[in-house]
Amino acid sequence: MSNMIRRYGAPLTLLICLLTAFWLLMLVIVPNITLLESSFRPYLPVADIGGPKDVYTAANYLKVFNGAVDVSFLGIDFQLPVHVLTFTLTLFYSVVVTLICFMLAYPLAYFMAKILSPRSLPTMFLLLFVPLWVSEVLRAFAWWIILALKGPLSWALVNLHIIDKEVRWITGYNGVMIGLVYTYVLFMIFPVYNAISSLDSNQIEAAEDLGAPWWRIHWRIVLPHAKPGIASGAVMVFMLSAGSLLVPSILGSTTSQWFTQTVQQWMLDALDWNTAAAYAFLLLLMCTLFVSLVMKIFRVKLSDIAN
């Protein structure tokens, strides 16, 4: 705060703080409080709203345990509430998407930060930013065309004699994961690039001169230094993937269901906005707890991610 006052002066600093507080209040705090309040109210006809039946209850949250499906895991058969299963699969595949994004982003980020010449760096940034110029809907539809049974991917692989017949790529969660990785991988690349670019190259050169293999250099020098950037990218990719709606709706198969689609069904199909609010707040809460747990395990602070 003192640095801001010295740099901008007290009046401008106060204005910046007030605008930031207003933004947080109107776009973060108030909507979430409204969402939480609505989630504890029952779904009632308009005539009963505000009447004796309009009381706070946890019934909307308990609906997540309604209905059961048979599940087989590691040879063990058991039953699980359908919405709990959907929520668990959403978290699991969001983690998988985050790991895939990291495996794709880390080599490219290191190449951009330590190998690529500064003259070529703007061109690389331009190439990476081009997909963001197209809306997420069009990108998802493009992947739907590519992965279709009679799409370009199957046609090319058949004509190259790599496969014998067309393959239905959009099965299970395959199409969803491909679309999410393509959509959110940049949110992993740039934080990791920023972290690696601040690493002194002399440390890498010293390790090479001392005979350290490449994997040990990355394991002992580059990765520890890039941990804040990796944590920041992982949090963004995971939260965006778990909260995505367009990609699972377009690239999902008949056997895949994303938790945000369940929220949408409660809101648009059942017209039960209160239950939808409960499910949405539950998704927000559980994702926040999951991210906090991962940060605790990897010993990363929120300030490291913010930086």
Side-chain angles (χ1 to χ4, degrees), residues 89-116 120-148 151-153 169-199 218 222-223 225-253 256 258-261 283 287 290-291 294-295 298 300 304-307:
L89 290 175
T90 299
L91 290 184
F92 173 75
Y93 285 109
S94 296
V95 172
V96 173
V97 168
T98 304
L99 292 175
I100 295 174
C101 285
F102 170 71
M103 289 187 291
L104 294 175
Y106 179 77
L108 181 58
Y110 180 82
F111 172 78
M112 293 168 57
K114 297 301 177 184
I115 299 176
L116 189 66
S120 302
L121 194 58
T123 304
M124 179 63 73
F125 274 115
L126 179 62
L127 293 176
L128 291 175
F129 272 116
V130 165
L132 293 180
W133 297 349
V134 182
S135 70
E136 186 175 340
V137 177
L138 294 179
R139 280 179 282 169
F141 270 116
W143 273 109
W144 185 84
I145 295 173
I146 293 172
L147 299 175
L153 181 59
W169 302 102
I170 303 179
T171 57
Y173 288 85
N174 296 336
V176 176
M177 287 195 295
I178 292 173
L180 291 176
V181 169
Y182 178 77
T183 302
Y184 299 128
V185 67
L186 292 182
F187 292 93
M188 179 71 75
I189 291 177
F190 293 119
V192 177
Y193 163 78
N194 289 331
I196 296 178
S197 61
S198 64
L199 175 63
H218 286 274
V222 183
L223 282 173
H225 184 84
K227 187 167 65 171
I230 296 172
S232 178
V235 168
M236 285 192 292
V237 172
F238 174 80
M239 295 296 284
L240 289 171
S241 298
S244 179
L245 177 61
L246 287 173
V247 173
S249 299
I250 296 174
L251 293 174
S253 67
S256 67
W258 215 248
F259 197 73
T260 49
Q261 293 177 284
L283 176 63
C287 287
F290 182 82
V291 169
V294 173
M295 289 170 54
F298 287 95
V300 178
D304 298 329
I305 297 176
N307 292 332

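Position 1 is the first residue of the sequence; numbering continues from there.
- When atom types are taken as modelled, the side chain of Trp258 and the backbone of Ser241 share a donor-acceptor pair closer than 3.5 angstrom.
- The two residues Asn194 and Ser197 have their closest heavy-atom pair at O-OG, 2.9 Å.
- The aromatic rings of His218 and Tyr106 lie perpendicular to each other, with more than 60° between the two planes, well past the 30° mark.
- One finds the CG atom of Leu223 at 10.5 Å from the OH atom of Tyr110 (value rounded to the nearest 0.5 Å).
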Show, in sequence, the C-alpha distance, side-chain angles and deciding distance for Ser244 and Tyr184, and conclude whether the side chain to side chain contact (heavy atoms under 4.5 Å, CB included) test is met. CA-CA 10 Å; Ser244 179; Tyr184 299 128; 3.7 Å; yes

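- For an aromatic pair to be called close, the ring centres must be under 6.0 Å apart, and Tyr173 with Phe92 fails this.
- Taking every heavy atom of both residues into account, Pro107 and Phe102 meet most closely at CD-O, 4.3 Å.
- Heavy-atom minimum distance, Thr260 versus Ala242: CG2-O, 3.6 Å.
- Between Phe125 and Phe190, the distance from one ring center to the other falls under 6.0 angstrom.
- Annotation: side chain of Leu251 is not in contact with side chain of Ile178 (no heavy-atom distance under 4.5 Å).
- Contact of the Phe141 side chain with the Ile250 side chain is registered, since non-hydrogen atoms from C-beta on lie closer than 4.5 Å.
- When atom types are taken as modelled, the side chain of Ser94 and the backbone of Thr90 share a donor-acceptor pair closer than 3.5 angstrom.
- The two residues Pro191 and Met236 have their closest heavy-atom pair at CG-CE, 3.5 Å.
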Applying side chain to side chain contact (heavy atoms under 4.5 Å, CB included) to Phe187 and Leu240, what does each step give before you reach the verdict? CA-CA 9 Å; Phe187 292 93; Leu240 289 171; 4.0 Å; yes

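- A distance of 8.0 Å separates CG in Asn174 from OG in Ser253, rounded to the nearest 0.5 Å.
- Leu91 has its side chain out of reach of Val95: every pair of non-hydrogen atoms, C-beta onward, lies at least 4.5 Å apart.
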- Report the C-alpha distance between Ile189 and Leu186 in whole Å, list the side-chain angles of each, state the deciding distance to 0.1 Å, and finish with yes or no for side chain to side chain contact (heavy atoms under 4.5 Å, CB included). CA-CA 5 Å; Ile189 291 177; Leu186 292 182; 3.9 Å; yes

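- Residues Val192 and Ser232 form no side-chain contact, since every pair of their non-hydrogen atoms from C-beta on lies 4.5 Å or further apart.
- The distance from atom CG of Leu180 to atom CZ of Phe238, rounded to the nearest 0.5 Å, is 12.0 Å.
- Using a 4.5 Å cut-off on side-chain heavy atoms (C-beta onward), Leu108 and Val185 make no contact.
- No side-chain heavy atom of Met239 sits less than 4.5 Å from a side-chain heavy atom of Phe290.
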Exercise for review: Evaluate the criterion side chain to side chain contact (heavy atoms under 4.5 Å, CB included) for residue pair Met112 and Ile196; output intermediate values, then yes/no.
Suggested key: CA-CA 9 Å; Met112 293 168 57; Ile196 296 178; over 6 Å; no

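- Among all heavy-atom pairs drawn from Val176 and Gly252, the shortest one is CG2-CA, 3.6 Å.
- No side-chain heavy atom of Leu128 sits less than 4.5 Å from a side-chain heavy atom of Tyr193.
- Between Val237 and Cys101, the shortest heavy-atom distance links the atoms CG1-SG, 3.9 Å.
- Residues Ser198 and His225 meet the side-chain proximity criterion, which asks for heavy atoms closer than 4.5 Å.
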